[in-house]
Asks: 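Take this structure first; my questions come after.
Heavy-atom basis, side chains included; hydrogens, waters and symmetry copies ignored. Whatever order the structure lists ligands and atoms in, that order sets their numbers, starting from 1.
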Amino acid sequence: MTQSTTAEPARGARLTPLEYPQKVAVVGAGAIGAVVADAARRAGHTVTLCVRRPVGDLTVERDGLRHRLALPAATRPDAVGWTADWLLLATKAQDTPKALGWIRHLAGPQTRVVALQNGVDHHERIAPLLAAGELVPALVYIAAERVARDHVRHRWGQRLVVPEGPAGTGLARLFLDSGMDVVRDADFTTAAWRKLLMNVAANPLTALTMRRIHVLRRPDMRELAQGLLSEAVTVGRAEGARLTPGDAVQTLDFFDALHPHSGTSMLTDRLAGRPVEYDLITGAVVRAAERHGLPVPLNRSVLALLRSLGGADELGLQQAHPETA
Ligand SMILES: NC(=O)C1=CN([C@@H]2O[C@H](COP(=O)(O)OP(=O)(O)OC[C@H]3O[C@@H](n4cnc5c(N)ncnc54)[C@H](OP(=O)(O)O)[C@@H]3O)[C@@H](O)[C@H]2O)C=CC1
Ligand SMILES: CC(C)(CO)C(=O)C(=O)O
């Protein structure tokens, strides 16, 4: 073990980089995996991509420039000869159980397993699956999409939000000077629900209509988005998040300011004929609403629609998006 991440610097103190290059395993070299692997590589760490299919010459495109990652990729856990200091888990939530082989092999007692996934219940979903190591939930403010098997377009955002504490500080130090901003938040419940608001309208509405973010600018879709967000604010408050109706307004303002061709991770999956990740977004709102006896008719209807979406075969999209072949 080479890191010294346990000492918590005083609040406001300037962070210092970790003393030695860290061993970083990125499980799932898709859109987010590629962007964080690129940042960890730029920070000087030893990074290995853990993939289920060979990934080739992975490239991240940002502001029109292409960056070749040139990182080693392993297709089997036993091909990696070390225990990770950091395991960055960037699979879709429904694929986490299939990634357990990597986690069990690469995580030791000192490993920090960073869950780079959407949703509000990272701990409940993932911590029970770990045999060793510490789970660190991370809220991902990055928009990226796989435009080909080995080509990721990074559209906007380089921010991760993590709970305040030694692990969060360690992650901030890991990414120091890499371009990836790691924000530590003492009220992670509120932070997580605020991030969920970014997904609860935009992801389903782009995926269901198969249109990019500009779809939210139609008056009828805007009304629906406002309704979905308003329900989520009420449920988030019941869960202890300090949200106000202003958070819903700010979320829509944020999307209004984006390039109209921005997408969402759910739209990318839908266009590629992959299963969409509804359970940790709309599913989380509906489950929490049930716990509190709150009506969420709009989210419930959207959940039914998302659950009913077909896969690639039914959509006939496989050939149009060869990266899924
Ligand atoms: N994309 C975005 O802009 C954002 C995404 N997020 C969240 O980040 C998480 C990751 O999303 P995203 O990067 O878009 O997803 P992608 O689908 O682009 O990438 C997921 C990757 O995981 C790989 N994978 C799946 N199972 C395994 C396995 N058993 N072993 C190794 N690799 C595996 C997939 O492999 P294969 O290539 O073989 O399918 C794929 O490369 C999600 O929870 C998403 O909601 C959050 C904010 C924004
Ligand atoms: C914030 C947003 C919409 C960025 O892409 C996202 O989290 C997602 O696509 O899942």
Asks: Check Lys195 against ligand 1 and report side chain, backbone, both or neither, counting heavy atoms closer than 4.0 Å.
Replies: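 For Lys195, the contact with ligand 1 is made by the side chain alone.
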Asks: Decide, yes or no, whether a salt bridge links Asp85 with Arg112 under the criterion of side-chain N to carboxylate O below 4.0 Å.
Replies: no
Asks: Heavy atom to atom 20 (C) of ligand 1, shortest distance: which of Gly28, Ala272, Ala90 holds it?
Replies: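 Looking at heavy atoms only, Ala90 sits closest to atom 20 (C) of ligand 1.
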Asks: Just verifying a value: how many Å separate Arg41 CZ and Ser178 OG, rounded to the nearest 0.5 Å?
Replies: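 So the CZ of Arg41 and the OG of Ser178 are separated by 10.5 Å.
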Asks: Starting from atom 1 (N) of ligand 1, what is the nearest protein heavy atom, named by residue and atom, and what distance separates them?
Replies: Ala144 O, 2.9 Å
Asks: Working to the nearest 0.5 Å, report the span between CD of Glu239 and OG1 of Thr234.
Replies: 12.5 Å
Asks: Going by the closest heavy atom to atom 37 (O) of ligand 1, which one wins out of Arg52, Arg149, Arg155, Glu145?
Replies: Arg149
Asks: Could you work out, for atom 40 (C) of ligand 1, the closest of Lys92, Arg274, Gln94, Arg146 by heavy-atom distance?
Replies: Arg146
Asks: Given that the side chain starts at C-beta and the backbone is N, CA, C, O, which of these parts of Val55 lies under 4.0 Å from ligand 1, counting heavy atoms, or is it both or neither?
Replies: neither
Asks: Write out the residue and atom name of the closest protein heavy atom to atom 19 (O) of ligand 1, then the distance separating them to 0.1 Å.
Replies: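 It is Gly30 CA, 3.2 Å.
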Asks: Where do Tyr141 and Ala191 come nearest, in terms of heavy atoms and distance?
Replies: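 Smallest heavy-atom distance, with atoms named: OH-O, 4.5 Å.
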Asks: Taking Glu277 for its side chain and Ala93 for its backbone only, find out whether a donor-acceptor pair lies under 3.5 Å.
Replies: yes
Asks: Among protein heavy atoms, which sits nearest to atom 29 (N) of ligand 1, and what does the distance come to when rounded to 0.1 Å?
Replies: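 Residue, atom and distance for the closest contact: Lys98 O, 3.2 Å.
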Asks: When you measure from atom 5 (C) of ligand 1 to every protein heavy atom, which one gives the shortest distance, and what is it?
Replies: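 Answer for atom 5 (C) of ligand 1: Ile32 CG1, 3.4 Å.
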Asks: Has the side chain of Arg270 got a donor or acceptor atom that lies under 3.5 Å from a matching backbone atom of Pro204?
Replies: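 Side chain of Arg270 to backbone of Pro204, a donor-acceptor pair under 3.5 Å: no, none is there.
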Asks: Given the rule in the side chain to side chain contact (heavy atoms under 4.5 Å, CB included) test, do Leu160 and Asp181 qualify, once you have shown the distances and angles that lead to the verdict?
Replies: CA-CA 6 Å; Leu160 303 176; Asp181 189 20; over 6 Å; no
Asks: Backbone N or O of Gly157 within a donor-acceptor pair of the His154 side chain at under 3.5 Å?
Replies: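 Side chain of His154 to backbone of Gly157: a pair is present.
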Asks: Output the distance between atom CG (Leu228) and atom OG1 (Thr251), rounded to the nearest 0.5 Å.
Replies: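 Answer for the CG-OG1 pair, Leu228 versus Thr251, is 12.0 Å.
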Asks: Decide yes or no on side chain to side chain contact (heavy atoms under 4.5 Å, CB included) for Val136 and Val113, but give the supporting numbers first.
Replies: CA-CA 6 Å; Val136 186; Val113 178; over 6 Å; no
Asks: Nearest to atom 46 (C) of ligand 1 by heavy atom, Asn118, Leu267, Val35: which?
Replies: Asn118
Asks: Which residue owns the protein heavy atom closest to atom 42 (C) of ligand 1, what's the atom, and how far is it?
Replies: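 Protein heavy atom at minimum distance: Glu277 OE2, 3.3 Å.
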Asks: With heavy atoms only and a cut-off of under 4.0 Å, state how Gln117 meets ligand 1: side chain, backbone, both or neither.
Replies: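 Both of them.
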Asks: Of all the heavy-atom pairs spanning Asn118 and Ser265, show the shortest one and how long it is.
Replies: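 Of all heavy-atom pairs spanning Asn118 and Ser265, the closest is ND2-OG, 4.0 Å.
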Asks: What distance do Asp247 atom CG and Thr190 atom OG1 have between them, rounded to the nearest 0.5 Å?
Replies: 8.5 Å
Asks: Would Ala143 count as a polar contact of ligand 1, with the cut-off being nitrogen or oxygen pairs under 3.5 Å?
Replies: no
Asks: Would you mind checking which non-hydrogen protein atom is closest to atom 33 (C) of ligand 1, with the distance to 0.1 Å?
Replies: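 Heavy-atom neighbour on the protein nearest atom 33 (C) of ligand 1: Thr91 CG2, 3.8 Å.
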Asks: I need the Phe255 CZ to Thr206 OG1 distance, nearest 0.5 Å.
Replies: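 That separation rounds to 8.5 Å.
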Asks: Does the distance from a Lys or Arg side-chain N to an Asp or Glu carboxylate O, for Arg42 and Asp177, drop under 4.0 Å?
Replies: no
Asks: Calculate, to the nearest 0.5 Å, the distance between atoms OG1 and CG belonging to Thr169 and Leu18 respectively.
Replies: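 Rounded to the nearest 0.5 Å, the OG1-CG separation comes out at 10.5 Å.
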Asks: Could you name the option among Ile142, Asp150, Val140, Val276 that has the heavy atom nearest to atom 48 (C) of ligand 1?
Replies: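 That would be Ile142.
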Asks: Which atoms of ligand 1 are found less than 4.0 Å from any heavy atom of Leu116?
Replies: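 The list of qualifying atoms is 8 (O), 9 (C).
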Asks: May I ask you to check whether Ala93 has an N/O atom sitting below 3.5 Å from an N/O atom of ligand 1?
Replies: no
Asks: Which ligand 1 atoms does Trp102 reach within 4.0 Å, using its non-hydrogen atoms?
Replies: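 In order of numbering, the contacting atoms are 30 (N), 31 (C).
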Asks: So, Phe175 versus Trp86, ring centres under 6.0 angstrom or not?
Replies: no
Asks: At a 4.0 Å threshold, what atoms of ligand 1 neighbour a non-hydrogen atom of Cys50?
Replies: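 Atoms satisfying the 4.0 Å criterion: 31 (C), 32 (N).
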Asks: List, pair by pair, the atoms of ligand 2 and of the protein that are both N or O and lie under 3.5 Å apart, giving the separation rounded to 0.1 Å.
Replies:
| unit_1 | atom_1 | unit_2 | atom_2 | d |
| --- | --- | --- | --- | --- |
| ligand 2 | 7 (O) | Lys195 | NZ | 2.9 |
| ligand 2 | 7 (O) | Asn199 | ND2 | 2.8 |
| ligand 2 | 9 (O) | Ser265 | N | 2.7 |
| ligand 2 | 9 (O) | Ser265 | OG | 3.4 |
| ligand 2 | 10 (O) | Asn118 | ND2 | 2.9 |
| ligand 2 | 10 (O) | Asn199 | ND2 | 3.2 |
| ligand 2 | 10 (O) | Asn203 | ND2 | 3.1 |
| ligand 2 | 10 (O) | Ser265 | OG | 2.5 |

Asks: Hey, is Tyr141 touching ligand 1 through its side chain, its backbone, both or neither, going by heavy atoms under 4.0 Å?
Replies: neither
